[in-house]
Amino acid sequence: PLMAQGIDTLYNTKPFERYWTRPRLVPKAGIGTQDRGFVEVGVQLHNIYKHPLSLISKGPYATVDIFIDDSNILVGPKMGYEITVGMIGIAIDATYFIDYNYDGESHTRNAWVATPKAGFSILGFADLFYGYSIPMSEQTITSISRNRLSLVINLNRDYFNLKEARRKK
């Protein structure tokens with residue numbers, strides 16, 4: 001019989017199939033503002049759930065926020081967890097801020113903050129989140145606002161070919 005598609009193509013095409021991809025260590029990068037601009041770079045152990053109606057993504061991450069202005073450098077290594085469902089996402093992270101030369105006299109201060117975040121997501125690939133930093137230590141960082149807005153991209157190549165992505169067993 002004549003067929004428009006080969007047997008292998010027909011076999012692999014399952015429109016209502018549901019599965020998790022295997023976790024993949026992927027680059028995570030973004031920009032944001034918290035009274036002043038910052039960049040965020042790091043990695044995420046990211047995986048995707050393919051569902052007929054949408055995609056879900058989740059995973060822990062380790063990144064660093066870097067704020068630079070004319071007078072000082074503020075660095076914030078952090079660890080967190082992110083979950084997205086379709087167009088909505090949430091995350092929470094703990095950040096250890098190191099504020100170099102915060103007073104112009106070469107003094108440094110350190111502070112822990114917890115930051116819950118929520119916002120819009122493009123299926124977990126790109127996230128536009130609002131976050132609020134909650135101080136967790138006696139010393140606080142006063143050179144940035146507690147409010148933050150960030151746009152972060154999770155560079156997981158599985159998004160570009162979910163049919164062929166390695167699957168979780």
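In what follows, every heavy atom counts, from backbone to side chain, and hydrogens, waters and symmetry copies are set aside. Just so you know, residue 1 is the first one in the sequence shown, and it goes up from there. Just so we're clear, the structure is a prediction, and the values are computed from it rather than from any experiment.
Taking hydrophobic clusters as Ile, Leu, Val, Met, Phe, Trp and Tyr residues chained together by side-chain heavy-atom distances below 4.5 Å, Val26 does not share a cluster with Ile153. Cluster annotation: Leu123 is not connected to Val85 through the hydrophobic network of ILVMFWY side chains, with a link wherever side-chain heavy atoms come within less than 4.5 Å. A single hydrophobic cluster is seen to contain both Val39 and Tyr100, as judged by linkage of ILVMFWY side chains at heavy-atom distances under 4.5 Å, directly or through other members. Residues Val43 and Val41 are members of separate hydrophobic clusters, defined by side-chain heavy-atom contacts under 4.5 angstrom among Ile, Leu, Val, Met, Phe, Trp and Tyr.
For the residue pair Ser121 / Asp127, a side-chain donor-acceptor distance below 3.5 Å is found, with atom types taken as modelled. Side-chain contact check for Gln34 and Asp65: no donor-acceptor pair (N or O, by modelled atom type) lies under 3.5 Å. For the residue pair Tyr81 and Asp93, no side-chain donor N or O sits within less than 3.5 Å of a side-chain acceptor on the partner. Between Asn147 and Tyr130, the side chains place a donor N or O and an acceptor N or O closer than 3.5 Å (distance only, hydrogens not considered). Inspection of the Arg109 and Thr142 side chains reveals an N or O donor paired with an N or O acceptor under 3.5 Å.
Residues Met79 and Pro60 fail the side-chain proximity criterion, which asks for heavy atoms closer than 4.5 Å. Looking only at side-chain heavy atoms (C-beta outward), Ser57 and His46 come within less than 4.5 Å of each other. With a 4.5 Å cut-off on side-chain heavy atoms, Ile56 and Ile48 do not count as touching. For the pair Val113/Ile141, no side-chain contact is recorded, criterion being any heavy-atom separation below 4.5 Å from C-beta on. Between Pro52 and Glu17 there is no side-chain heavy-atom pair separated by less than 4.5 Å. Counting heavy atoms from C-beta on, the side chains of Tyr96 and Asn110 come closer than 4.5 Å. With a 4.5 Å cut-off on side-chain heavy atoms, Ile144 and Phe97 count as touching. A heavy-atom distance below 4.5 Å is found between the side chains of Val75 and Val64.
Without hydrogens or angle criteria, Arg22 side chain to Arg167 main chain gives a donor-acceptor distance under 3.5 Å. With hydrogens and angles disregarded, no donor-acceptor distance shorter than 3.5 Å links the side chain of Ser150 to the backbone of Val152.
Evaluation of the salt bridge (Lys or Arg N to Asp or Glu O under 4.0 Å) rule for Arg36 yields Asp69 as partners, not counting sequence neighbours. Contacts of Asp158 classified as salt bridge (Lys or Arg N to Asp or Glu O under 4.0 Å), with partners at least two apart in sequence or in another chain: Arg24.
Note: Tyr61 OH to Leu25 CG = 15.0 Å, rounded to the nearest 0.5 Å. Annotation: the span from Ile122 atom CD1 to Thr84 atom OG1 amounts to 11.0 Å, rounded to 0.5 Å. In this structure, CZ in Phe16 is found 10.5 Å from NE2 in His51, a value given to the nearest 0.5 Å. Rounding to the nearest 0.5 Å places CZ of Phe38 at 7.5 Å from OG1 of Thr33.
Ionic pairing of Lys28 and Glu82 is present here: one or more N-O contacts between side-chain nitrogen and carboxylate oxygen are shorter than 4.0 angstrom. Electrostatic pairing of Arg148 and Glu40 counts as a salt bridge here, judged by a charged N lying under 4.0 Å from a carboxylate O.
Ring-plane geometry between Phe160 and Phe125 is classed as perpendicular, the angle between the planes exceeding 60 degrees on a 0 to 90 degree scale with a lower cut at 30.
Atom CD1 of Ile134 has more than 12 heavy atoms from other residues, nucleotides or ligands within 6.0 Å. Heavy-atom contacts from other residues, nucleotides or ligands closer than 6.0 Å to OH of Tyr19 number more than 12.
The cationic group of Lys78 does not satisfy the cation-pi geometry with Trp112, failing either the under 6.0 Å distance to the six-membered ring centre or the 45° limit from the ring axis.
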(request) Start with the C-alpha distance between Glu164 and Arg157, add both sets of side-chain angles, then the distance that settles salt bridge (Lys or Arg N to Asp or Glu O under 4.0 Å), and finish with yes or no. (result) CA-CA 11 Å; Glu164 299 300 321; Arg157 68 180 181 213; over 6 Å; no

